[in-house]
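Since the structure comes first, as C-alpha cells, the remarks are kept for the end.
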Amino acid sequence: MLTIGEFSKICEVSAKTLRYYDEIGLIHPDQIDPDNGYRYYSIHQLKKMLYINRLKSYYFSLEEIKEIINGETDPSEEKLRYALHRKRREIQEKLTRYEDTLVQMNQDIVNLEQGIHVMAYLDEIEVQLVETESMNILYERQLMSREEYAEGYGRYYSKLYEQIARENLTLAGTPMTIYHSEEFNPAGNDTEFALPVREAVKGTRELCGGLCAKSVLKGSYSNLTSVYAKLREWIEQEEYVLTQSPYEVYVTDPYQTSAADELVTEVYFPVTKK
C-alpha cells in the first residue's frame, strides 16, 4: 500500500486533488485508517491514476473521464475509441480556429507597420444589389448553438442529401443556411439548412426571390460577421430595409476544400427600398 503522499508523488497529482477525486467518485483510496483518517492507495491503482492523467492530457473534463471509466476496471475499447475520436475532432476544430487567428493577427501586424488600421478591411468588402429568382428548397430547421454549428451542418446536410438520393430528387444548387433569429442567443438560434431541388415534395418549400444586397466572402467563415456588419451598414446608408431572413450560399463545399482561403460564401440580405 502507498500513502496518499507516496501515491501523489509517483503520479504527480497533489494530495488535495486526490481528495477531490475521491469526493466526486473518480478514484477512491483502497483503505482509510478509521483511527487517524489516513488514506492509502494500492499499487494496482497507479495504472488507473495514470489512465486518468492520460485522459486529462487529452482535455477531457472530469465528468467525461468518469463517463469513460464508468467504474470499470477495463473500460470497453469501443467507448474509449468513440470518445477519443470526438475529442480529437474538437481539438482539431480549436486548432483550426487558432491557426485562422494567427493568420489574421500576422496580417494586422503587417498592416499596422504600414500605417493601415486593423479595421480598414471593411472598406474592401463589396456589396451588390442583385435580383434573385424564387427556388424550391428541401430544408431542415433546428435551434442551434454556436458550439453545435460545425457538427450540425454535417449532420443535417447529410440527412438532406440522403433524402435526395432516396427519393431521386434533382439537386438544383449548392447548400444554403438561412438564419431566422432576430437576435443572437448563445443557447440556440433558429437555423434552416437547405438544398435547392427541382421537385416540390414533402419537406420542401419555396424560397421567394427578389431584391437582395449581396456580398461574397473568400476565406474563413470566421470573417462572416464582418460581411454581415458591412451589409447592414450598406443597407442603412442606401436607405433599404430587410424584408426576409438573411441567408448564406456555400459555393465551395467545406468538406472538399482543405484550405480556408479557398472557401467561397455568398451572403444575401433580402431588401426593399424605404
Side-chain angles (χ1 to χ4, degrees), residues 56-61 64 83-128 130 144-158 173-179 181 183-189 191-195 212-237 245-269:
K56 279 192 67 180
S57 74
Y58 293 154
Y59 300 98
F60 283 104
S61 68
E64 288 173 323
L84 288 174
H85 276 295
R86 175 173 52 80
K87 185 59 67 174
R88 182 177 64 178
R89 186 169 61 249
E90 290 177 7
I91 292 174
Q92 185 58 57
E93 289 171 359
K94 289 181 180 179
L95 280 173
T96 300
R97 290 198 294 271
Y98 277 128
E99 289 170 357
D100 291 343
T101 300
L102 282 173
V103 169
Q104 186 62 67
M105 191 180 295
N106 289 335
Q107 186 59 56
D108 284 346
I109 291 171
V110 171
N111 287 341
L112 286 170
E113 290 173 347
Q114 297 175 352
I116 302 172
H117 193 276
V118 294
M119 300 306 293
Y121 72 93
L122 286 173
D123 298 329
E124 300 176 4
I125 299 175
E126 296 182 0
V127 178
Q128 297 175 291
V130 299
M144 304 287 295
S145 68
R146 181 186 293 276
E147 290 71 23
E148 295 171 325
Y149 276 160
E151 183 179 354
Y153 278 39
R155 182 193 315 137
Y156 295 115
Y157 282 128
S158 294
T174 55
M176 309 168 58
T177 306
I178 307 166
Y179 299 98
S181 294
E183 63 183 53
F184 176 75
N185 184 346
N189 295 279
T191 309
E192 186 176 12
F193 306 98
L195 292 172
C212 286
K214 171 190 173 184
S215 193
V216 179
L217 170 67
K218 295 181 180 179
S220 172
Y221 297 135
S222 62
N223 295 321
L224 278 168
T225 52
S226 297
V227 174
Y228 274 66
K230 180 67 176 184
L231 282 164
R232 288 312 302 260
E233 180 186 52
W234 185 92
I235 288 170
E236 182 67 25
Q237 289 177 348
S245 299
Y247 59 92
E248 300 166 2
V249 176
Y250 308 111
V251 180
T252 54
D253 188 338
Y255 296 101
Q256 296 179 359
T257 303
S258 57
D261 58 3
E262 295 178 3
L263 296 171
V264 179
T265 308
E266 296 175 345
V267 182
Y268 294 84
F269 275 52

*Keeping the roles fixed (side chain from Tyr247, backbone from Glu266), state whether a donor-acceptor pair exists under 3.5 Å.*
no

*In this structure, are over 12 heavy atoms from other groups packed under 6.0 Å from Phe184 atom CZ?*
yes

*asked:* A side-chain contact here means heavy atoms from C-beta on lying under 4.5 Å apart; do Tyr250 and Thr177 qualify?
replied: yes

_Minimum side-chain heavy-atom gap Tyr221-Asp100 below 4.5 Å_ = no

*Gap separating the CG atom of Asn111 from the CD atom of Gln104, nearest 0.5 angstrom*: 8.5 Å

*To the nearest 0.5 Å, what is the distance between CD1 (Ile91) and OG1 (Thr96)?*
12.0 Å

_Separation of Thr265 OG1 from Met176 CE (nearest 0.5 Å)_ = 12.5 Å

*So Tyr58 and Glu64, side-chain hydrogen bond (donor to acceptor under 3.5 Å, both in side chains) or not? Walk me through it.*
CA-CA 11 Å; Tyr58 293 154; Glu64 288 173 323; over 6 Å; no

*From Lys218 atom NZ to Thr252 atom OG1, the distance as rounded to the nearest 0.5 Å*: 11.0 Å

*Looking only at heavy atoms, which two atoms of Leu217 and Asn223 are closest? And how far apart?*
CD1-CB, 3.8 Å

*Would you call Leu84 and Phe60 a side-chain contact if the rule is heavy atoms closer than 4.5 Å?*
yes

_Nearest non-hydrogen partners of Ile125 and Ser226, listed with the distance_ = CD1-O, 3.9 Å

*For residues Leu195 and Tyr156, determine if any side-chain heavy atom of one lies less than 4.5 Å from a side-chain heavy atom of the other.*
no

*What is the distance from atom CD of Gln92 to atom CZ of Arg97, rounded to the nearest 0.5 Å?*
11.0 Å

*Kindly indicate whether the side chain of Ser245, heavy atoms from C-beta on, has any atom under 4.5 Å from the side chain of Tyr179.*
no

*Electrostatic pair Lys94-Glu90, nearest N-O below 4.0 angstrom*: no

*Would you name the heavy atoms of Arg232 and Phe269 that are closest together and state the gap between them?*
CD-CE2, 3.1 Å

_If we ignore hydrogens and angles and just use 3.5 Å, is the side chain of Ser215 paired with the main-chain N or O of Val267 as donor and acceptor?_
no

_For Glu93, is the CD atom crowded, meaning more than 12 foreign heavy atoms sit under 6.0 Å from it?_
yes

_Could you measure the distance from the OG1 atom of Thr174 to the CD atom of Glu248? Nearest 0.5 Å is fine._
11.5 Å

*With side chains defined as the heavy atoms from C-beta onward, is the minimum distance between Met144 and Asn189 less than 4.5 Å?*
no

_Using every non-hydrogen atom in the two residues, find where Pro186 and Ser145 come nearest and quote the distance to one decimal._
O-CB, 3.4 Å

*Heavy-atom distance under 4.5 Å between the side chains of Phe193 and Arg155, does that happen here?*
no

*Evaluate the side-chain proximity of Val127 to Lys230: yes if any heavy-atom separation is below 4.5 Å, no if none is.*
yes

